[in-house]
Amino acid sequence: MAKSSREAISMASTSPSSLSPPKVPMELHVSNRQKLLKSLRQHLSNSSRPHHGFVLLQGGEEQTRYCTDHIELFRQESYFAYLFGVREPGFYGAIDIATGKSILFAPRLPANYAVWLGEIKPVSYFQERYMVSMVYYTDEIVQLLVDQYKGSGKPLLFLLHGLNTDSNNFSKPAEFKGIENFERDLTTLHPVLTECRVCKSDLELALIQIANNISSEAHVEVMRKTKAGMKEYQLESMFLHHTYMYGGCRHCSYTCICATGENSAVLHYGHAAAPNDRILEDGDMALLDMGAEYSFYGSDITCTFPVNGKFTSDQSLIYNAVLDAHNAVIAAMKPGVSWVDMHKLAEKIILESLEKGNILVGA
């Protein structure tokens, strides 16, 4: 990777935001593909299986709002984004396990696309932009992969299929016309690729730091401007404006939670049936859980503060109990430490603080 690219990302991760956030080098995704290839080859070797076949992922598709012609703002599927960095919908991506070559398949767009949505880019544009070995159209998937396959029998596809334990939803394996011409493995890829995503590279960490920095700035800006009489959604609006204006963050990591008063006790407040619409009152505590996403890498920040800028004694006691637990966990955590032990440590510190403040009585 060019030194200037690394320096730009590194500097941005330690500097205040500006109107020109750094461009993310595509070498990041090249490195992610190499990491997967190494891990998958090792897994196959450990299983005494040949290094033949293709990793094949299907990118996200644009969705309209129900039966209307309004197209919702597209955000790429995360596994596909990790490996290829492609921002456009309708793509497929493949990695040849034998050769290491990477292949993108772009949708063949109709001529009237140019009238409504802009220039129709040639495949050479995507090859250069996304730093892949080859680019073809999606209607060429079958012929291209058959031609590239060097093993015996039907070409083998390693497809992404596995459970997301947070949502209990399954990732969608690639589908295309002619897939019956291939052998399909639905179990190998998901755990290997997921583990690759768990351990972040230095460049990935720098991007997450940028997302955290701009989100932190936005939270501080919201705190400065918050006052009684405002609506919760005005706090959300200020956050969204700051992260987009100064960080180029068009997406958030999740729906913004701007909870005040009793709404603060609702874990995922802010959804369509509870849309951040309460009026802030003097004496309220505000609990804001908001995080921007920068180039597919997200932040997740929760902060709490009094709407009028002054803690009551009870508010201060609870706030400092949580703060002490937060600081204790950060001081104790390191590689090899159990997440469960950190959870228990946080509970211990909070309980001690509540007992000291006479909120709880007894051992």
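Asn212 and Ser216 share no side-chain donor-acceptor pair at under 3.5 Å. The closest side-chain donor-acceptor pair between Asn169 and Asn164, if any, does not fall under 3.5 angstrom.
Although no hydrogens or angles enter the test, the distance criterion places a donor-acceptor pair under 3.5 Å between the side chain of Asp284 and the main chain of Glu281. Without hydrogens or angle criteria, Glu119 side chain to Lys121 main chain gives no donor-acceptor distance under 3.5 Å. Judged by distance alone, with hydrogens and angles left aside, the side-chain atoms of Glu27 form no donor-acceptor pair with the main-chain N or O of Val30 at under 3.5 Å. Using a distance-only test at 3.5 Å, with no hydrogens or angles considered, no donor-acceptor pair links the side chain of Thr64 to the main chain of Ile71. With hydrogens and angles ignored, the 3.5 Å screen pairs a side-chain donor or acceptor of Glu232 with a backbone N or O of Asp277. Checking side-chain atoms of Glu128 against main-chain N and O of Tyr125 turns up no donor-acceptor pair under 3.5 Å.
Aromatic ring centroids of Phe91 and Phe84 lie 6.0 Å or more apart. Between Phe176 and Phe105, the distance from one ring center to the other does not fall under 6.0 angstrom.
With sequence neighbours excluded, no residue satisfies side chain to side chain donor-acceptor pair (under 3.5 Å) with Arg184.
Residue pairs that meet the side-chain hydrogen bond (donor to acceptor under 3.5 Å, both in side chains) test with at least one member in residues 47-58, sequence neighbours left out, are Ser45-His51, Arg49-Asp185, Arg49-Thr188, Gln58-Tyr92. Among residues at least two apart or in separate chains, there is no ring-ring contact (aromatic ring centres under 6.0 Å, His included) pair with a member in residues 273-306. Counting only residues at least two apart or on different chains, the side-chain hydrogen bond (donor to acceptor under 3.5 Å, both in side chains) pairs with a member in residues 241-257 are Glu217-His242, Tyr244-Arg250, Tyr254-Asp289, Tyr254-Asp300. Residue pairs meeting the side-chain hydrogen bond (donor to acceptor under 3.5 Å, both in side chains) criterion with at least one member in residues 32-44, sequence neighbours excluded: Gln42-Asn46. Within the structure, side-chain hydrogen bond (donor to acceptor under 3.5 Å, both in side chains) contacts touching residues 342-352 (residues at least two apart or in different chains) are His343-Glu347, Lys348-Glu352.
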Could you walk me through whether Tyr82 and Cys196 satisfy the side chain to side chain contact (heavy atoms under 4.5 Å, CB included) test, starting with their C-alpha distance in whole Å, then the side-chain angles of each, then the deciding distance to 0.1 Å, before giving a yes or no?
CA-CA 10 Å; Tyr82 173 80; Cys196 286; 3.7 Å; yes
Could you check Asp139 against Lys177 for salt bridge (Lys or Arg N to Asp or Glu O under 4.0 Å), going step by step and ending with a plain yes or no?
CA-CA 8 Å; Asp139 55 22; Lys177 186 177 180 180; over 6 Å; no
